[in-house]
Number of protein chains: 2
Amino acid sequence: MAELRHLRYFLAVAEELNFTRAAERLRIAQPPLSRQIRDLEGDIGAPLFDRGTHPLRLTEAGQFLREEARELLASFDRALEGAGRIGTRNAGWIGIGFVESAMYGFLPKILGRFRQQHPEIEINLTEMSADQQLIALRDRRIHVGFLRPHIETDEFEQEVVQFDTLAIALQSTHPLATAESVTLDLLEREPFVAYGGRLRPNFCDYLRRLCRDAGIKLQVAMQVDQPETALGAVAAGYGISLVPQSLAGQGREGVVIKPISDRPPPHPLMALYRRNEPSPVFQDLLTIVRTNNCASPS
Amino acid sequence: MAELRHLRYFLAVAEELNFTRAAERLRIAQPPLSRQIRDLEGDIGAPLFDRGTHPLRLTEAGQFLREEARELLASFDRALEGAGRIGTRNAGWIGIGFVESAMYGFLPKILGRFRQQHPEIEINLTEMSADQQLIALRDRRIHVGFLRPHIETDEFEQEVVQFDTLAIALQSTHPLATAESVTLDLLEREPFVAYGGRLRPNFCDYLRRLCRDAGIKLQVAMQVDQPETALGAVAAGYGISLVPQSLAGQGREGVVIKPISDRPPPHPLMALYRRNEPSPVFQDLLTIVRTNNCASPS
DNA sequence: GTTCGGCCATATCATTAAGGTATCAAATCA
DNA sequence: TGATTTGATACCTTAATGATATGGCCGAAC
């Protein structure tokens with residue numbers, strides 16, 4: 001089984017581009033180094049170096065692994081050091097689960113402020129889907145999850161931390177492209193660019209439920225995976241689509257994003273956490289999240 | 001030296017909360033498992049389990065390490081598999097360096113589209129400062145870097161990929177808080193919340209240079225590390241500050257962000273890459289970055 | 001073209017460290 | 001308190017890492 005040693009050795013060779021010098025640097029002899037690299041290559045199933053050239057050259061796979069190896073070794077050290085700090089200084093840690101879209105501005109901001117208040121607290125950040133967050137909360141593997149609706153649970157505390165609404169994306173040549181806003185029933189009268197459930201099952205479900213509740217029957221013209229891709233499809237004239245209003249700020253050629261005047265569907269970011277979490281550090285995090293002041297409809 | 005084996009073993013115990021069962025799962029005997037855990041704890045310098053309780057319990061450090069270990073082991077496998085795919089299918093990889101603020105919407109969007117076009121390409125993402133990006137480009141450790149000015153180099157190709165301007169943040173009780181826009185010379189007449197060079201030396205330098213070029217003398221009232229923190233300081237009445245216009249969308253209580261009418265200072269996101277990069281995959285990435293259509297002043 | 005030197009691979013031996021067995025001590029539970 | 005579960009200790013075995021010796025290949029220099 002491959003071990004970190006293999007990466008350490010590989011990295012030495014990748015940096016020296018010379019087995020002999022790398023071996024010296026590692027304080028081992030050259031033959032065992034050759035064997036370890038060979039073992040690693042066997043494990044990977046592909047060569048990492050172009051042999052027979054002077055100087056030695058990394059293959060594409062080797063170049064990739066060199067970067068990954070750096071990152072991995074650094075992360076490993078950080079993890080052990082972090083655990084050590086927590087254990088010795090009796091510091092703490094906070095585990096955070098989040099859906100990808102929470103990374104679009106919200107989380108970096110929160111984390112920046114939190115780190116400033118609590119530089120001694122180790123933070124474990126893991127991107128996970130909404131249902132993975134539920135499981136992780138139950139297992140106490142994270143302290144808080146950030147997700148989009150629709151979760152129906154009273155097992156955990158839940159609160160809105162950032163408010164967004166859905167808006168309608170139109171091709172810029174559309175008759176309504178110059179209107180101030182549009183109404184929701186426009187969705188029934190135009191072909192629709194829908195979301196497949198593959199990448200964002202929750203967002204997809206949410207839209208489905210929304211349309212059912214509003215009594216809207218969509219004419220699905222195309223399926224895409226992400227709101228950004230939907231914008232592309234709209235620009236290309238496949239139809240209209242529903243996207244988060246916040247995407248309007250980005251401005252994309254061929255598309256306009258119009259607010260919905262009658263019943264704008266909400267698209268909030270939620271925080272989910274266990275009731276009665278005692279940790280004062282966690283309470284501080286919640287305070288930061290709340291004073292972020294994005295929790296009111298715009 | 002600590003190895004992945006230690007993490008694998010630790011994870012088994014952490015999940016079973018029982019050395020004997022964990023050993024069975026790992027297909028080894030219990031005593032060597034105990035020893036490996038002890039070695040790991042020695043390396044870390046803190047206990048990972050509360051011994052002497054039934055059932056076994058993880059210490060805080062142990063809980064943290066459990067999450068980190070999961071992540072690390074998964075990353076390790078991903079890295080080896082990725083390298084294998086590159087080597088066998090003759091696929092490729094793209095290395096991307098980026099400053100933190102590129103993560104605020106820009107990069108996730110680009111990556112989403114790129115992954116869709118090239119699911120077979122491995123992506124190595126590394127957050128690094130602007131000067132680290134320069135070094136990494138030279139070392140061919142990344143193919144492209146995303147950074148904020150000010151970099152003066154003709155060693156690499158450079159282009160604007162997202163345009164933003166700086167705006168002035170005022171306390172919402174400020175007389176000008178209701179104005180449409182303000183002028184740059186307001187900076188001279190009010191105490192200023194400035195940026196220390198610790199976290200974002202480039203941004204800090206950029207502001208300094210900007211003020212010097214515009215002939216503006218700031219009255220620095222406070223130093224903060226990040227624009228978000230600056231907003232907090234402004235809300236608290238320490239003074240006014242310069243922040244990216246894009247922060248205006250987030251809305252924060254006690255602060256208004258006003259565009260600068262006379263000479264709005266640009267704050268673009270740049271892409272930096274080697275000239276004559278032949279890879280067609282890389283060219284595709286550039287195309288996606290360019291058709292992102294955020295490169296024109298708003 | 002031939003030779004020399006650098007460099008990596010292979011083969012074999014030595015040593016270290018991981019894994020196994022037997023046993024003990026401590027905590028839990030009846 | 002005695003039986004049982006469970007982790008720690010001591011000691012031995014085995015496997016894998018590391019060292020030494022050597023050979024072959026490639027490139028550079030004469």
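Numbers restart at 1 for each chain; the letters A, B, ... are given by sequence-line order, proteins then strands. The shown structure was predicted, so the numbers you read here are calculated from the model rather than taken from an experiment.
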Tell me the interatomic distance from [X], atom [atom1], to [N], atom [atom2], rounded to whole angstroms.
| X | N | atom1 | atom2 | value |
| --- | --- | --- | --- | --- |
| A/Arg57 | C/dC7 | CZ | P | 17 Å |
| B/Asp39 | C/dA17 | CG | P | 10 Å |
| A/Met1 | D/dA16 | CE | P | 12 Å |
| A/Arg27 | D/dA19 | CZ | P | 11 Å |
| B/Leu56 | C/dT28 | CG | C1' | 14 Å |
| A/Arg38 | C/dA9 | CZ | P | 7 Å |
| A/Phe10 | C/dC8 | CZ | P | 14 Å |
| B/Ile37 | D/dT9 | CD1 | P | 14 Å |

Closest to the [X] side chain: [options]?
| X | options | value |
| --- | --- | --- |
| A/Gln30 | D/dG18, D/dT6, C/dC8 | C/dC8 |
| B/Asn18 | C/dC7, D/dT6, C/dG20 | D/dT6 |
| A/Pro32 | C/dC8, D/dA19, C/dT10 | D/dA19 |
| A/Arg21 | C/dC7, D/dT6, D/dT9 | C/dC7 |
| B/Gln36 | D/dA19, C/dA9, C/dG19 | C/dG19 |

Describe, in one word, how the ring planes of A/Phe282 and A/His143 are oriented to each other, choosing from parallel (under 30°), tilted (30 to 60°) and perpendicular (over 60°).
->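 Rings of A/Phe282 and A/His143: tilted, as their planes differ by 30° to 60°.
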On the 0 to 90° scale, with breaks at 30° and 60°, tag the B/Phe10-B/Phe49 ring pair as parallel, tilted or perpendicular.
->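 Answer is tilted, since the angle falls between 30° and 60°.
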Please classify the nucleic acid contact of [X] as base, sugar-phosphate, or nothing, using heavy-atom distances under 4.0 Å.
| X | answer |
| --- | --- |
| A/Arg51 | sugar-phosphate |
| B/Arg35 | base |
| A/Tyr9 | sugar-phosphate |

Under 4.0 Å between a side-chain N/O of B/Ser34 and OP1 or OP2 of D/dT9, yes or no?
->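 For D/dT9, OP1/OP2 do not have a side-chain N/O of B/Ser34 under 4.0 Å.
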Would you say D/dG7 has OP1 or OP2 under 4.0 Å from some side-chain N or O of B/Thr20?
->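 For D/dG7, OP1/OP2 do have a side-chain N/O of B/Thr20 under 4.0 Å.
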Are the charged groups of B/Glu16 and B/Arg25 less than 4.0 angstrom apart, N to O?
->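 A salt bridge is present here (some side-chain N lies under 4.0 Å from a carboxylate O).
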Would you call A/Glu24-A/Arg21 a salt bridge at under 4.0 Å N-O?
->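 Here A/Glu24 does not pair with A/Arg21 in a salt bridge, since their nearest N and O are not under 4.0 Å apart.
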Could you say whether A/Ile28 or B/Phe19 is positioned toward the 5' end of DNA chain D, judged by the nucleotide with the nearest heavy atom to each?
->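 Looking at DNA chain D, the more 5' nearest nucleotide goes with B/Phe19.
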Identify, between A/Arg5 and A/Pro31, the residue whose nearest nucleotide on DNA chain D lies closer to the 5' end.
->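 Taking each residue's closest nucleotide, the earlier one in sequence belongs to A/Arg5.
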Side chain of A/Gln116, backbone of A/Leu111: donor and acceptor closer than 3.5 Å?
->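 Pair absent, no side-chain N/O of A/Gln116 close to backbone of A/Leu111.
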